[in-house]
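Comments concern the structure below.
Every chain is numbered from 1 and lettered A, B, ... according to where its sequence line falls, protein lines coming before strand lines. All of these numbers come straight from a predicted model, not from anything done at the bench.
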2 protein chains.
Amino acid sequence: MDLRRLRYFVAVAEARSIGKAAERLRMAQPPLSVQIRKLEAEIGAPLFRRGTRGMDLTEAGQALLTRASEAMALAADGVEAARAVAAGKRGRLSVGYMFVLANAMLPRLIPELRRSVPGVDLEFAELSASTREARLLDRSVTVALCMPAINHPEIQVARIGSQPLMLAMPIRSPLARLAAVPMARLQGRPLIALPPPEQDPASSAVAALLRRHQVVMPVVSRVETVHSAMSLVLAGEGLAIVPACARLGAPRGIVFRPLRDAADSIDIAVCWRRDSQSALISRFLKCAEKAVARL
Amino acid sequence: MDLRRLRYFVAVAEARSIGKAAERLRMAQPPLSVQIRKLEAEIGAPLFRRGTRGMDLTEAGQALLTRASEAMALAADGVEAARAVAAGKRGRLSVGYMFVLANAMLPRLIPELRRSVPGVDLEFAELSASTREARLLDRSVTVALCMPAINHPEIQVARIGSQPLMLAMPIRSPLARLAAVPMARLQGRPLIALPPPEQDPASSAVAALLRRHQVVMPVVSRVETVHSAMSLVLAGEGLAIVPACARLGAPRGIVFRPLRDAADSIDIAVCWRRDSQSALISRFLKCAEKAVARL
DNA sequence: GCCAACCCATACGTTTTCGGTATGCCAATG
DNA sequence: CATTGGCATACCGAAAACGTATGGGTTGGC
């Protein structure tokens, strides 16, 4: 069964005439006549009654007409839907993000996305660094917001901003009186650390910072998330070195201070599989850049 | 948009491989590869991710797949439906019948039809002779049961039986004592007649019968239907000459007697437009013949 | 009552498209 | 490093579709 034949058939049925339909289809009358007869031969029964004043559907033709129109509409809709998905105008966008970025970015990002890709179903999942990577690779998330970027051959990265590292401490800490804390003052103080670099690359930035300034801070606790780290800081367990955006959503009683002499910062990046839906991702990228611009 | 391409696309999507799909489609791999790429070019976006171990649908491809399968199913269903209608296995059959035949034929005809054309919607309408003809011509009825047949160039006729003419009279009529009434005994008796031949051809058979036997019966009433005639006969208004099947459904108090020396009968015929659905009609014809066989 | 107009069907030559074979390219595998 | 598996490309022959020209049947007007 050929969809062109059905298209011709519907045109003839609507025009009630081969000649008129041929005109509308921008083709000559004889080939259309041939196609209709071929269709009738394929069906094995006449679809039209040939009168002297044009053509008229038989009952069999009527039965075919409704289905044929629907089939054509469905095929056209399928093409249209595929184009829309490819253009990033429809579909599903699943965003894996990390906890620290949630308060800072999502309130700006989500409305921006709804405006930019109104036909797309959005989905958000707070995921650990390793989970984000795994779920990007198996495509169960489309993009990930990472700090810092994921390093993997299949994964592409776009840096959309950066966050300076800041010292988080209880408000009653003596260091809290300083507007900026010199690196040397950290020597020997207890550190609340994130998982080691091989599990969470964010902590390697902190490690590098300390190493460069030859500062040693004993690790008194390792926690999974910045949120947990804040709790321990508040409890007086130690200090934490975290991206500035952790301030948003941090509990009262914790203050953040920049580190003097240390311009270290950590990249915020959007990560996605190289072979993913590029149009949708570039739209997401624009939104993410806007959301991060006024952090 | 070509349905073959969609067919190929669905095959490749299901096989997750061009080579496998080509095998299933009984064709070589390269042309299938070309067709898929043409489809992608038409859509304007890749529908598959080419991996080293086969093909995998992109999101756009998934959007197309569902619609494409449905469209194919609809097209196939359309062809199938058209064939079924043409074969008389589905569709609508509207039967125009006349009152006298209702009691005699419908109880046998309807079950016969339901058995013979189970997928067809049946419709029955009791119609006068002129209405039957008009509605056959405008196709609002498919077939008509007539007595006698309709005579019109566009209308085809099949004789399926005949009914002898009988004399209908009140049971207390003196003629009722005879097993068969000689034509001569009708001379001068009052006749309840149907509309004149130009309106109802049935009455021309009666007129011809009387003329041939040189019998004159004054027409005391003209009625539209045999049913009305029976009422007047019962009331003692006069006699009626009607097809034998009028006995069925006639009120008590009326008796029917054959006419001696007169083998006149009137044909029962099925009538339909020459260009109507032949398969359905020939099935109807078989059923009608069976229904009339044991009258 | 004949001629013109209309509409569909047929015939034939041309062009487009499709399918098959041969082959190349790339990546994964052993 | 060679082999295998899978898709892409190139080229050729075959089939299908389109256009032009034309025939045939019916309607409607002069």
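Contact of the B/Leu137 side chain with the B/Ile155 side chain is registered, since non-hydrogen atoms from C-beta on lie closer than 4.5 Å.
A donor-acceptor pair under 3.5 Å links the side-chain atoms of B/Ser203 to the main chain of B/Pro195, judged by distance alone.
A side-chain contact (heavy atoms from CB on, under 4.5 Å) with B/Ile160 is found for exactly one of B/Lys286, B/Lys290, B/Met105, namely B/Met105.
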(request) For nucleotides 8-18 of chain C, just jot down a letter per nucleotide in 5' to 3' order: B, S or -, based on protein non-hydrogen atoms under 4.0 Å. (result) BBB-------S
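B/Arg132 CZ to B/Glu126 CD: the interatomic distance, rounded to the nearest 0.5 Å, is 8.5 Å. Atom CG of A/Leu136 is separated from atom OG1 of A/Thr142 by 8.5 Å, given to the nearest 0.5 angstrom.
With salt bridges taken as basic N to acidic carboxylate O contacts below 4.0 Å, none links B/Glu154 and A/Arg49. Between A/Glu59 and B/Arg92, none of the side-chain N atoms (NZ, or NE/NH1/NH2) sits under 4.0 Å from a carboxylate O, so this pair counts as no salt bridge.
Counting heavy-atom neighbours within 6.0 Å of A/Arg7 CZ, excluding the residue itself, gives a total of 12 or less.
Going from atom CG of B/Leu32 over to atom C1' of C/dT21 covers 16 Å, rounded to whole Å.
You can see that DNA chain D meets the heavy atoms of chain B within a 4.0 Å-exclusive cut from D/dG5 to D/dT9, reading 5' to 3'.
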